[in-house]
Amino acid sequence: MSRRRALVIGGSVGGLFAAHLLRSTGWDVSVFERASEDLAGRGAGIGTRPELFAVLRRIGIALDESMGIVRVRSRKYFAPGGDCLQELPLPSINSAWDRIYRPLRDAMPPESLHAGRALVRITRNDTVVEAVFSDDSVEQGDLLIGADGLHSTVRHACLPEAQPVYAGYVAWRGVLDESAMPSYVHADLFEHMSFTVAGHELLLCMPMPGRDDDTRVGRRRFHFIWFRPVAWDTELRDLCTDAHGVCHGVSIPPPLIRAEVIANLRATARTTLPPQMAALVEMAPQPLLQPIYDLVSPRVTIGRVALIGDAAFVARPHVATGITKAALDAQSLVDSLLAADGDLDKGLAAHNQKQQPFGRSLVERAQMLGSYLETSPKSTQAREAADFHRQPKNILREYGAAGSIHDAKPS
Ligand SMILES: Cc1cc2nc3c(=O)[nH]c(=O)nc-3n(C[C@H](O)[C@H](O)[C@H](O)COP(=O)(O)OP(=O)(O)OC[C@H]3O[C@@H](n4cnc5c(N)ncnc54)[C@H](O)[C@@H]3O)c2cc1C
């Protein structure tokens, strides 16, 4: 009997987790990634969780300090004047997005990875899914996995009603070398995850591995994420308009961000942020702009199609679960198929029943954690959540904390 074949759309972390786990259970797997260039330059630092390391170990990838992780000793909350108001001894492990991506990609047989292949549509019946690519090539599989991110073509084809909803704020992100940090900034911030809240804005910052996974003192890097309310129709489009007056929609390649936009960002940092954090914004060579969205899919399986990772759900970054959720989605899918003992439809139904409520509750939890960033909370519950979650002690305890993912599990 020939092996079952899975077509995985999207060769980022979610697609690679699914590909490895399916291959380990005997599937023939092909991964199709739209980008023809290496994805390793994407992303910045990430928080990690034990669940992520467990899935990596199952695939045969072990991470330790020598391989690009950085330990965080505690969490700190800073007042606008620069005083540390609270410190919580909550150690954690930070890594970098490409530190997770690269070993996953390198461990895949090259013949299973097809870069530069963009899915344009799918057709399906009860047993076969057909994928059509932009070069008019066609592939068939018993299962198609949509791991194609927030603006998923697969989700759009199967669940057009599930659309990302703008959260009302953006994240400005920046990375700088440890060696470039002034000593007073380094002493206060490095080895900690630090926060400040100014009005409806939050900045958090933390260490991450250096280039080439270097974790030696002086070779590491540091990054910040600054959440700021931005009106969708007017302000965001202006931020995404380049120096030639070309509007790039609701995102913009970092080098095209206008110099005056960056200058304004830095000027605001100087007047509203603690001086240590303003210095980060001042010194980060190329800040990136990222609109924040919520995405909830009503189902994560549709016939022989499964959605995983950001294609299925996007929770705001406050729960810091994106990569771990992509890994857990892939694991749930493969374990559900295994438990169904060859009955593909039964396995997919079991996966949907388990993982859809999980994704939905993560999104809801992230909305609560970020409610104080919305300038006009939509409900009384959101207003109460905003008051609770903007308290320094609650920010330190709850932000991306281990509880986020466990509390989100359906009862
Ligand atoms: C501000 C911010 C902070 C974050 N912090 C953290 C954190 O601390 N911890 C954490 O775990 N996560 C974090 N994340 C989230 C994390 O980066 C994502 O959740 C994760 O990358 C999702 O992986 P994915 O494979 O599902 O999707 P993606 O990484 O988006 O990959 C989708 C892939 O599909 C490809 N693709 C798209 N369309 C097509 C097509 N038609 N055909 C073929 N290929 C296609 C794309 O090129 C892309 O490579 C953060 C995110 C943000 C915005």
Side-chain angles (χ1 to χ4, degrees), residues 7-19 30-49 51-53 55 72 92-101 104-105 113-122 131-135 139 144-157 164 167 169-174 193 202 204 206 208 223-227 251 288-295 307-330 359 362 366 370 399-401 404-405:
L7 311 177
V8 177
I9 309 300
S12 172
V13 284
L16 293 173
F17 274 120
S30 300
V31 179
F32 301 93
E33 166 55 48
R34 180 173 59 191
S36 36
E37 72 280 8
D38 189 9
L39 305 183
R42 286 185 189 180
I46 57 154
T48 66
R49 295 166 179 284
E51 293 89 342
L52 173 66
F53 291 121
V55 181
V72 171
S92 57
I93 293 176
N94 279 3
S95 188
W97 187 91
D98 58 3
R99 184 61 200 97
I100 309 296
Y101 163 74
L104 285 169
R105 183 206 55 199
L113 282 178
H114 307 276
R117 298 277 299 273
L119 177 86
V120 288
R121 67 174 183 278
I122 57 175
V132 181
F133 295 87
S134 56
D135 58 2
E139 304 277 349
L144 181 140
I145 298 175
D148 50 346
L150 173 68
H151 300 291
S152 165
T153 307
V154 178
R155 188 189 66 245
H156 191 69
Y169 51 95
V170 300
W172 281 100
R173 315 183 76 170
M193 186 190 268
L202 168 82
L204 75 148
M206 64 201 109
M208 63 184 280
H223 75 120
F224 68 83
I225 308 176
W226 185 8
F227 296 103
S251 64
L288 326 178
L289 175 68
Q290 214 163 4
I292 302 300
Y293 296 96
D294 298 314
L295 170 73
L307 299 170
I308 64 168
D310 281 8
F313 289 92
V314 174
R316 302 179 191 182
H318 320 306
V319 282
T321 51
I323 289 188
T324 305
K325 192 187 85 64
L328 293 178
D329 284 352
L362 263 183
Y399 201 101
S404 299
I405 204 155

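In listed order, ligands and their atoms are each counted from 1.
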Check your understanding: Can you check side chain to side chain contact (heavy atoms under 4.5 Å, CB included) on Leu113 and Leu16, steps first, answer last?
Key -> CA-CA 9 Å; Leu113 282 178; Leu16 293 173; 3.9 Å; yes
Revision key, fill the gap. Looking only at non-hydrogen atoms, the one of Glu37, His156, Arg173, Glu33 nearest atom 4 (C) of ligand 1 is Arg173
Check your understanding: For the residue pair Gly11 and Leu39, what are the closest heavy atoms and their distance?
Key -> O-CD1, 3.6 Å
Practice item. Record the part of Trp97 in heavy-atom contact with ligand 1 below 4.0 Å; permitted values are side chain, backbone, both and neither. Key: side chain
Practice item. Check ligand 1 against Ser12 and write out every atom of the ligand that is under 4.0 Å from a heavy-atom position of the residue. Key: 25 (O), 28 (P), 29 (O), 31 (O), 32 (C), 33 (C), 49 (O)
**Study point:** Among Asp329, Val319, Leu119, Asn94, closest by any non-hydrogen atom to atom 42 (N) of ligand 1
**Key:** Leu119
Point to revise | Region of Arg34 engaging ligand 1 - heavy atom pairs below 4.0 Å | key: both
Check your understanding: So which of Thr48, Asp310, Val154 gets nearest to atom 18 (C) of ligand 1, if we judge by its closest heavy atom?
Key -> Asp310
Check your understanding: Taking only heavy atoms of Ile9, which atoms of ligand 1 are found under 4.0 Å from at least one of them?
Key -> 42 (N), 43 (C)
Review point. Which of parallel (below 30°), tilted (30 to 60°) and perpendicular (above 60°) describes Tyr293 and His151?
Key: perpendicular
Review point. Would Arg117 count as a cation-pi partner of Phe32, with NZ or CZ less than 6.0 Å from the six-membered ring centre and within 45° of the ring normal?
Key: no
Review point. Around atom NE2 of His114, are there more than 12 heavy atoms of other residues, nucleotides or ligands at under 6.0 Å?
Key: yes
Check your understanding: Can you tell which part of Pro317 has a heavy atom less than 4.0 Å from ligand 1: side chain, backbone, both or neither?
Key -> side chain
Point to revise | Met208 backbone acceptor or donor facing Asn94 side chain under 3.5 Å | key: no
Check your understanding: Is Ile308 close to Ile145 at the side-chain level, that is, under 4.5 Å between some pair of heavy atoms?
Key -> yes
**Study point:** Side-chain donor/acceptor of Arg49 to backbone N/O of Ile323, under 3.5 Å
**Key:** no
Review point. Which bit of Ala147 gets closer than 4.0 Å to ligand 1, counting heavy atoms only: side chain, backbone, both or neither?
Key: backbone
Check your understanding: Near Leu39, which atoms of ligand 1 are under 4.0 Å from a heavy atom of that residue?
Key -> 49 (O)
Practice item. Measure from the side-chain N and O atoms of Asp148 to the backbone N and O of Thr153, and report whether any donor-acceptor pair falls under 3.5 Å. Key: yes
Exercise for review: Show which atoms of ligand 1 fall inside a sub-4.0 Å distance from at least one heavy-atom site of Gly14.
Suggested key: 24 (P), 25 (O)
Revision key, fill the gap. Closest heavy-atom approach to atom 34 (O) of ligand 1 among Leu150, Leu307, Asp148 is made by Asp148
Check your understanding: Any nitrogen or oxygen of Gly47, main chain or side chain, under 3.5 Å from a nitrogen or oxygen of ligand 1?
Key -> yes
Check your understanding: Under 4.0 Å from any heavy atom of Ile46, which atoms of ligand 1 are there?
Key -> 7 (C), 8 (O), 9 (N)
Point to revise | Numbered atoms of ligand 1 (with element) below 4.0 Å of Gly309, judged on heavy atoms | key: 26 (O)
Check your understanding: Is the shortest N/O to N/O distance between Ile323 and ligand 1 below 3.5 Å?
Key -> yes
Check your understanding: Which ligand 1 atoms, with their elements, are less than 4.0 angstrom from a heavy-atom of Thr153?
Key -> 41 (N)
Check your understanding: Does Ile93 reach the side chain of Phe53, with side-chain heavy atoms less than 4.5 Å apart?
Key -> yes
**Study point:** Close-contact set for ligand 1 against Arg117 heavy atoms, below 4.0 Å
**Key:** 42 (N), 43 (C)
Exercise for review: With the side chain counted from C-beta on, respond yes when Leu119 and Phe133 share a heavy-atom pair under 4.5 Å apart, and no when they do not.
Suggested key: yes
